[in-house]
Amino acid sequence: MGKVYIVGAGPGSVDLITVKGLKCIQKADVILYDRLVNSELLEFAKPNAELIFVGKLPKLHGVIQDRIHRLLVEHASQGKVVTRLKGGDPFVFGRGAEEAEVLVEAGIPFEIVPGVTSGVAAPAYAGIPVTHRDLGSSFALVTGHMREGKDDAINWKGLAESVDTLAIYMGVGNLPYITEQLMKYNRNPKTPVALIHWGTTEHQKTITGTLETIVEIAKNEEIQNPSMILVGEVVKMREKIAWYEKTTDSLQKISV
C-alpha cells in the first residue's frame with residue numbers, strides 16, 4: 001500500500017509553499033495538481049514522477065472530482081506515493097476533506113499538509129491585515145460561490161452584523177449579490193472593499209472602493225477570478241502599508 005499526501009500549495013507565489021509541502025512534491029511518484037497551483041512547483045518533482053492535471057472546468061466539477069477520487073485510490077493501491085497538490089489550503093474551500101473521506105473508506109494511509117490560504121496571504125501582499133487592534137478584531141473566511149441550483153445557505157445577516165473583516169473567495173461573479181446582501185443587513189455602504197486579483201503573484205492587481213461603489217469599479221477595471229474580496233475597515237491600511245507593488249523580492253526562489 002502506498003500513501004497519499006493532501007498538500008496545500010499556497011496562494012500562488014512559488015515561495016509560499018511550506019517546507020513539508022515541498023518535500024511531498026519531491027518524493028511523490030504521482031502528483032495530481034489543480035488549476036491554481038503554480039506550475040513552477042512541478043519543477044521540483046522527481047524526473048520520473050507522473051504529473052496529472054485535474055483542474056476543474058465549468059459544469060464538470062462533479063465529474064472531475066469523481067475522477068480525482070478514483071486516481072488517488074488507484075495509484076496509492078499500487079504502492080505509490082501520491083501527492084494531491086491543491087491551491088491554498090486543502091481544508092479551506094478545497095474539498096480536501098472529501099478526498100480524505102474516500103481514502104479512509106479505501107483503507108489508504110494519508111496525511112494532510114496545510115498550506116497558506118489566499119484569504120490571509122493575498123490581503124497581506126496588498127498591504128491589508130485581516131485583523132488590527134483599532135480596525136478589526138474578528139474575521140471570517142467566506143465562499144462567494146453559491147452552488148448551482150442550491151439556495152444560498154450563507155448567513156449574510158450574521159456576517160454583516162457580527163464580523164469585522166470578511167475574506168470572500170471565488171466571489172467576483174457574484175459581487176453585485178454579495179454587496180447587496182451585506183448592505184441589506186445594515187452593513188454601512190461606505191465600508192471599504194478591496195479586490196485582489198492573482199494575489200502574491202507577479203500579476204497581482206488590487207482595486208479598492210466601498211460596498212456601494214466596488215461593483216462599478218470592478219466592472220471598469222475588468223477584474224475576474226481568481227480574486228479575493230476583502231470587506232472591512234482594515235482595507236484602509238493599504239494606503240499606508242501597501243508594499244508588494246513597490247518592491248521586488250530580494251530572496252532567491254527555493255531550490256532543490
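With a 4.5 Å cut-off on side-chain heavy atoms, Ile207 and Ile214 count as touching. Residues Thr131 and Thr165 are not in side-chain contact: their nearest non-hydrogen atoms beyond the backbone lie 4.5 Å or more apart. Between Arg84 and Leu32, the closest side-chain pair of non-hydrogen atoms falls below 4.5 Å. Residues Pro189 and Thr210 are not in side-chain contact: their nearest non-hydrogen atoms beyond the backbone lie 4.5 Å or more apart. Side-chain contact between Leu175 and Leu195 is present, with at least one heavy-atom pair separated by less than 4.5 Å. By the 4.5 Å heavy-atom criterion applied to side chains, Ile108 and Val82 are not counted as neighbours. A heavy-atom distance below 4.5 Å is found between the side chains of Leu182 and Leu166.
Between the Lys80 side chain and the Asp29 main chain, no donor and acceptor come within less than 3.5 Å of each other. In this structure, the side chain of Asp164 does not engage the main chain of Phe139 through any donor-acceptor pair within 3.5 Å. Judged by distance alone, the side chain of Asp152 and the main-chain N or O of Ile154 form a donor-acceptor pair under 3.5 Å. Checking side-chain atoms of Gln204 against main-chain N and O of Thr200 turns up a donor-acceptor pair under 3.5 Å. Judged by distance alone, the side chain of Thr18 and the main-chain N or O of Gly21 form a donor-acceptor pair under 3.5 Å. Under the 3.5 Å distance criterion, the side-chain polar atoms of His75 are left unmatched by any main-chain donor or acceptor of Val81. Between the side chain of Thr191 and the main chain of Leu211, no donor-acceptor pair closer than 3.5 Å is present. Between the side chain of Asp89 and the backbone N or O of Gly8, no donor-acceptor pair lies under 3.5 Å.
Few gaps surround NZ on Lys46; more than 12 heavy atoms of other groups in view lie less than 6.0 Å from it.
Judged as a ring-ring contact (aromatic ring centres under 6.0 Å, His included), not a single pair has a partner in residues 198-240 (not counting sequence neighbours). Applying the salt bridge (Lys or Arg N to Asp or Glu O under 4.0 Å) test to every pair with at least one member in residues 105-123, sequence neighbours left out, gives these pairs: Lys3-Glu111, Lys20-Glu111. Residue pairs meeting the salt bridge (Lys or Arg N to Asp or Glu O under 4.0 Å) criterion with at least one member in residues 233-242, sequence neighbours excluded, are Glu233-Lys236, Arg238-Glu245.
None of His69, Gln65, Arg70 except one satisfies the side-chain contact (heavy atoms from CB on, under 4.5 Å) rule with Val102; the exception is His69.
Between Phe110 and Tyr5, the ring center distance fails the sub-6.0 Å criterion.
Phe93 pairs by the ring pair (Phe, Tyr, Trp, His ring centres under 6.0 Å) definition with Tyr169, not counting sequence neighbours. Considering only residues two or more places apart in sequence or on other chains, Glu74 meets the side-chain hydrogen bond (donor to acceptor under 3.5 Å, both in side chains) condition with none of them. Under the salt bridge (Lys or Arg N to Asp or Glu O under 4.0 Å) criterion, Lys157 pairs with Glu161, not counting sequence neighbours.
In terms of heavy atoms, Ile196 sits closest to Ala126 at CD1-CB, 3.9 Å.
Asn38 and Ser13 are not linked by any side-chain donor-acceptor pair at a separation below 3.5 angstrom, with hydrogens and angles left out of the test.
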